[in-house]
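Throughout, a chain's letter reflects where its sequence line sits, starting with A, and its residues are numbered from 1.
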Amino acid sequence: MSTVKFTEDHEWVLIEGDIATIGISNYAQEQLGDVVFVELPEVGREVAKGDEAAVVESVKAASEVYAPISGEIVETNDALDETPAKVNEDAEGAGWFVKMKLSDASELEELMDEAAYNTFTAGLD
Amino acid sequence: MSGMNKQGRPTGVGELGDAGRKTFTGNRGLAQEELLIFERDSGACGVDLDEPNAFEDRLGGNRRKGSVGLPGLSEPDVMRHYVRLSQKNYAIDAGLYPLGSCTMKHNPRLNEKIARLPGFADVHPLQPTKTAQGALELIELVAHWLKVLTGMPAVAMSPKAGAHGELCGMMAIHAALEARGEGDTRTRVLVPESAHGTNPATAALLGYTVDSIPATEDGRVDVAAFKAKLGPDVAAIMLTNPNTCGLFEKDIKEIADALHDVGGYFYCDGANFNAIVGRVRPGDLGVDAMHINLHKTFSTPHGGGGPGAGPVVLSDALAPFAPLPWIIERNGRLKFADVPEQVEEVGGSSFGRMTAFHGQMGMFLRAAAYMLSHGSDGLRQAAEDAVLSANYVLASLKDTMSAPFEGPCMHEALFDDAFLKDTGVETLDFAKAMIDEGYHPMTMYFPLVVHGAMLVEPTESESKASLDLFIDTLADLAKSAKQGEVDRFSGAPYLAPMRRLDETQAARKPVLTWSPPAPAQAAE
Amino acid sequence: MRYLPLTEPDRQAMLARIGAGSIDDLFVDVPQEARREGLVDLPTRQGELEVERFLGAMAAKNTPAGSVPFFVGGGAYKHHVPATVDHLIQRSEFLTAYTPYQPEISQGTLQYLFEFQTQVAMLTGMDVANASMYDGSTACGEAVLMAHRITRKKKAVLSGSLHPHYRAVVENLSDFAGYEIDPGAPVFDGTEDIIARIDDETSCVVVQNPDFFGNVRDLRAIADAAHAKKALLIVAFTEVVSLGLVTPPGDMGADIVVGEGQSIGNALNFGGPYVGLFAAKQKYVRQMPGRLCGETVDAEGKRGFVLTLSTREQHIRREKATSNICTNSGLCCLAFTIHLSLLGEEGFGRLARINHANAVKLADQLDTIEGVDVVTPTFFNEFTIRTSKNARDLIDEMADKGVLAGVRVSRLWPGEDSLDDLVAVASTEVNTDADRAAFAAALKEVLS
């Protein structure tokens, strides 16, 4: 049983048991343009919700990616080092950033489901 | 008619064929392709030096093993390489260069001649000062002009460039706050949204929290919002005036007074001093520190990105903290005070050293030649002409293009991309099409507070005829965009040495150095 | 005014188009009390002839290095620069271009920057180099900040024999940014034990090679000790010509290399402008300060160059940038790269050997003089002597005899009594046998 949730900062969170996979939304990659580099955190780091967890860079912009939930980084998508273009090609799949072990499942309740997120982005610009 | 060559030479103009045809060499007439210098290695040498007689080295066993990998070329080949490279560059000497915020004005060659006098260029920074009195006098001369022109009591000459000057000014402010016992409590620096990127970067480097001040609809600092942010934790404001929208901050005195009332200091980014030199003295506006980009206001060449020079004028409150070295007078002779103890003897409390030696002497010389050539009258006239030319561009194009703010402007005319709405042409495309017309584009997408910004700084170096042709060209481009001639823009430039370059590839797989080609695989 | 093309009728016509009555109408936004009516109290305009005469007289008060036997170093060196260099850097297309933000019409600047970066990487034995910094000292300061970003530690251990100006620049930046420094005491004979000062808190170790006094050292053990504590080794140099003969820092385990490039292509200029060289290992490239030029292709697939990885820089990253630096030393690095191209592999190596040979000859000659000891057992083109006279008086009296003999060490280390009788002496390819003889003769006289 898995669920996908979204944040207002354009991150998505896929929850499978107590592991959350996190990336940026397709809407976000379109706004950024060609992604050229993703700076990922070290595995083992504890992050609190709202902490800077990664940085995603396009040619002319760098954007911080904030942890949508609290927990421990258990895996990072090292393939992005070699092919950052995966973020553009498949933002909500192969372009994932990190996997985290959830420390507080209740934080998930504050996130949007896909329908709510689509409504949210439709209201932007 | 005998004995005469009757054959003659054909004098026709030839056939009109395909001018875009490919050539064997890849060259196109005067537009020459050029390999990397490493690919031109012929094993020759461009200098004649004699090998020293055999001797025992004193390197303690630390002698380089193996070669460096440098290519060898004769002098003519080196000359040709760089001349060909130079021909791929646009330059102010070749045409109008309207880069807003950068001030691409004429660079007089007298400046270069003076900077190369052996009595200045061939003087070592650590030779005894009694053998370099003229060099110290020159620094003092430039310092004097800067102080008088800005109405400020002191100037730090050592900063190497504008951003280095900003760092210097903010360090002086931090040192002054520490001396007041408020170094730890004043942690916030206010920076308008429209600021140069160096301002927040400088404040952050010193550990300050950067607090952004919004702009008003007329392109200036929102004074009410600014006042609401004032408090006992504010260290300084970093404000550019004239600002990056090309406008004079009308309320600058009110801003300075309110800031001083709460104990903060006023750092003025002096990048745009060239608009007001000779007409307005920053010292009369409540400024505590301001850097001066000598390459903008005083015409030292930009040199493809540097070197610059960024002396910083300081108020009485900040002067004691100026960086090392200071120039002092002893027994009728000028000397350096280059350690804190020597500065303390003359009542100073320097915050420290920002660079080796004493600053960009070569740039001081060029600036001195420019200052003396213009004089007080010429400098004022130059500022007036710069402002006049920008307003002329603004007035001529504000209805064809679109301007976010009402004039008068100072030395820069700011346009936005409203006139390109629904044309399918963006600011970037518009700018690239200017290249085909023989112009360097204006500054784009800066300041950030204006959508699709185009910032035009014509400077005082353009004749009216040159300005008129530029205005007509932009008007023609604007008309073309509005008429839907997207092709003129979407692939532009078509006629430059290169088409648009792939910046994504460059950033995804950075190749920052040349590598020798891998040896070819042996045939099997 | 000869530099201003607008005529009075032009100005009137332009004001009319704008709809302004006079130029004053364009300055209406300036507060009334700050508007200046008359001219400031400075001389008015002058012709070329007058300016040249005035500044020429000022220049005549100085003693140019080329006019006397000259042995001053200490971070800036007198070398011969081929005529081609100065001719080329004064070409309009190089001299009067801006930063290459429009690559389609700036390939000249971009290509030489790419070539420059490659040359610097080759010389230092490192993977990558940037498009230059202000000078060696500020490059050194930036390197320390970069090491702190990489290691997430805050303490820099400096060799006591690092150029005092470089140390002062690092100290100043570190003070303001809240970082720690272990500066070390000067050791003039190359026996400094820096390894003992490296601990778990150490972010980086900064060592100059050849050091300020001239000593050439093997840094491999220092590199190993630093790496064992997860610290970086930063190697600085002030004389880039040494890299033609001395083992490059990259081969000794350096992580970041910084130095002064003035010696190649650039005049002494009384201290500036110079060109800071900055190189690093590939894996640290995204933490580097300053401009980087990279290779790419254009829309037609043709090779070209662009400024790249700009998300590190202030104009994009603003308060999160790796540095606030905006300029590089454009023309100075052009001069550097042209001079190095003229030298090539053969010329650069030979230049280094001549420099070393001249210094060895001079050291041997001075060492025989009574009251003079060469105190640096190893050196490249600069060494330190101890004399029986206070160095301040010695330099002063030598200057009166028309010999600029070197750098009084105590000028840079005031208050270190043990250094009061030391003089750093540099000898390059410009020094002749006659110069050395003049030095030795004058030295004998002032010591007698």
Side-chain angles (χ1 to χ4, degrees), chain B residues 45-47 52 60 62 69-70 72 82 85-86 88-93 117-119 121-125 131 134 160-161 163 197 200-202 204 210 248 284 303-308 352-353 356-357 360-362 372 375-378 392 395 408 463-464 496 498-499 501 506 511 513-514, chain C residues 1 5 10 14 18 26 29 34 39 42 44-45 51 58-59 61-64 72 91-93 96-97 99 103-105 107-109 118 122 134 137 165 168 172 247 267 269-273 294-296 298-299 308 314-315 318-319 321 324 326-327 329-331 342 344-347 357 378:
Chain B
C45 186
V47 296
N62 298 298
L70 298 171
Y82 290 101
L85 288 188
S86 76
K88 298 176 193 296
N89 269 4
Y90 193 88
I92 179 67
D93 279 352
L117 294 175
D122 196 25
V123 178
H124 191 288
T131 66
K160 294 271 183 179
T202 301
V210 175
F248 198 91
D284 296 334
R353 177 175 283 277
F357 312 125
Q360 305 285 66
M361 180 68 169
L372 294 170
S376 54
D377 50 339
Y392 184 64
S463 67
K464 182 165 175 297
M498 302 287 285
R499 303 296 299 277
L501 287 105
V511 178
T513 54
W514 173 82
Chain C
M1 207 291 133
D10 288 339
M14 290 163 73
I18 296 162
L26 303 179
D29 290 337
L39 296 179
L42 290 165
T44 53
R45 70 186 72 175
V51 174
M58 216 177 255
K61 295 181 188 175
N62 302 321
T63 306
V72 185
R91 279 189 68 93
S92 292
E93 302 90 332
T96 76
T99 304
E104 299 88 351
I105 47 174
Q107 283 299 305
T109 299
T118 305
M122 285 174 167
Y134 305 133
S137 68
H165 286 169
N172 185 49
T247 310
N269 284 328
F270 201 52
E295 183 182 319
T296 187
D298 78 354
T308 191
Q314 47 76 25
H315 60 102
R318 297 175 81 85
E319 65 265 31
N324 82 333
C326 185
T327 28
S329 281
L331 270 190
L342 285 163
E345 184 75 27
E346 181 187 329
T378 60

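- When each of B:Gly69, B:Gly378, B:Pro307 is checked for heavy-atom pairs under 4.5 Å with chain C, B:Pro307 comes out on top.
- The greatest number of non-hydrogen atom pairs below 4.5 Å with chain C, out of B:Pro118, B:Ala163, B:Gly352, is found for B:Ala163.
- Both the backbone and the side chain of B:Ile92 come within contact range of chain C, judged by heavy atoms closer than 4.5 Å.
- Contact tally against chain B (heavy-atom pairs below 4.5 Å) for C:Gly294, C:Ala299, C:Ala357: the top residue is C:Ala357.
- Across C:Asn62 and B:Gly119, no two heavy atoms sit closer than the pair ND2-O, 2.7 Å.
- B:Phe357 and C:His165 have their aromatic ring centers within a separation under 6.0 angstrom.
- In this structure, B:Asp93 and C:Ser92 approach most closely via the heavy-atom pair OD2-OG, 2.6 Å.
- When heavy atoms are compared at a cutoff of 4.5 Å, B:Ala91 approaches chain C by way of both its backbone and its side chain.
- With a 4.5 Å cut-off on side-chain heavy atoms, C:Gln107 and B:Leu85 do not count as touching.
- Not a single salt bridge (Lys or Arg N to Asp or Glu O under 4.0 Å) links C:Glu295 to another residue, sequence neighbours left out.
- Here the CG-OG distance, from C:Leu42 to B:Ser376, works out to 6.0 Å after rounding to the nearest 0.5 Å.
- Between the CE atom in B:Met361 and the CZ atom in C:Phe270 there is a gap of 6.0 Å [rounded to 0.5 Å].
- Going from atom CD of C:Glu104 over to atom CE of B:Met498 covers 8.5 Å, rounded to the nearest 0.5 Å.
- Chosen from B:Ser86, B:Ala395, B:Ala506, the residue pairing most often with chain C at heavy-atom distances under 4.5 Å is B:Ser86.
- To the nearest 0.5 Å, atom OG1 of residue C:Thr118 and atom CG of residue B:Leu70 are 10.5 Å apart.
- Contacts with chain B were tallied for C:Ala267, C:Gly272, C:Ala34, C:Ala168; C:Gly272 has the most, counting heavy-atom pairs under 4.5 Å.
- The minimum heavy-atom distance between B:Pro408 and C:Asp29, with the atom names listed, is O-OD2, 3.9 Å.
- For the set C:Lys61, C:Glu345, C:Glu93, the count of heavy-atom pairs under 4.5 angstrom toward chain B peaks at C:Glu345.
- Top candidate by heavy-atom pairs under 4.5 Å with chain C, chosen from B:Asp284, B:Val210, B:Leu372, is B:Leu372.
- With a 4.5 angstrom heavy-atom cutoff, C:Thr378 touches chain B via backbone and side-chain atoms both.
- Of the listed residues (B:Val47, B:Asp122, B:Thr513), the greatest number of heavy-atom pairs within a distance under 4.5 Å of chain C belongs to B:Asp122.
- Each of B:Gly308, B:Gly306, B:Gly46 has some count of heavy-atom pairs under 4.5 Å with chain C, and the biggest count is that of B:Gly306.
- Here the CH2 atom belonging to B:Trp514 is positioned 5.5 Å from the CE atom belonging to C:Met122, to the nearest 0.5 angstrom.
- At least one donor-acceptor pair under 3.5 Å links the side chain of B:Asp377 to the backbone N or O of C:Arg45.
- The minimum heavy-atom distance linking B:Ala161 with C:Tyr134 is given by the pair CB-CE2, 3.5 Å.
- Side-chain polar atoms of B:Asn89 and C:Thr109 form a donor-acceptor pair below 3.5 angstrom.
- Chain B forms more heavy-atom pairs under 4.5 Å with one residue of C:Asp10, C:Thr308, C:Thr247 than with any other, namely C:Thr247.
- To the nearest 0.5 Å, the span separating CZ on B:Arg353 from OG on C:Ser137 amounts to 8.0 Å.
- Counting heavy-atom pairs closer than 4.5 Å to chain B, the top residue among C:Gly344, C:Ala97, C:Gly330 is C:Ala97.
- Summarising the geometry of B:Leu501 relative to C:Pro103, their closest heavy-atom pair is CD1-CB, 3.5 Å, with the distance given to 0.1 Å.
- Across B:Ala496 and C:Ile105, no two heavy atoms sit closer than the pair CB-CG2, 4.1 Å.
- Of the atoms belonging to C:Met58, heavy atoms from both backbone and side chain fall under 4.5 Å from chain B.
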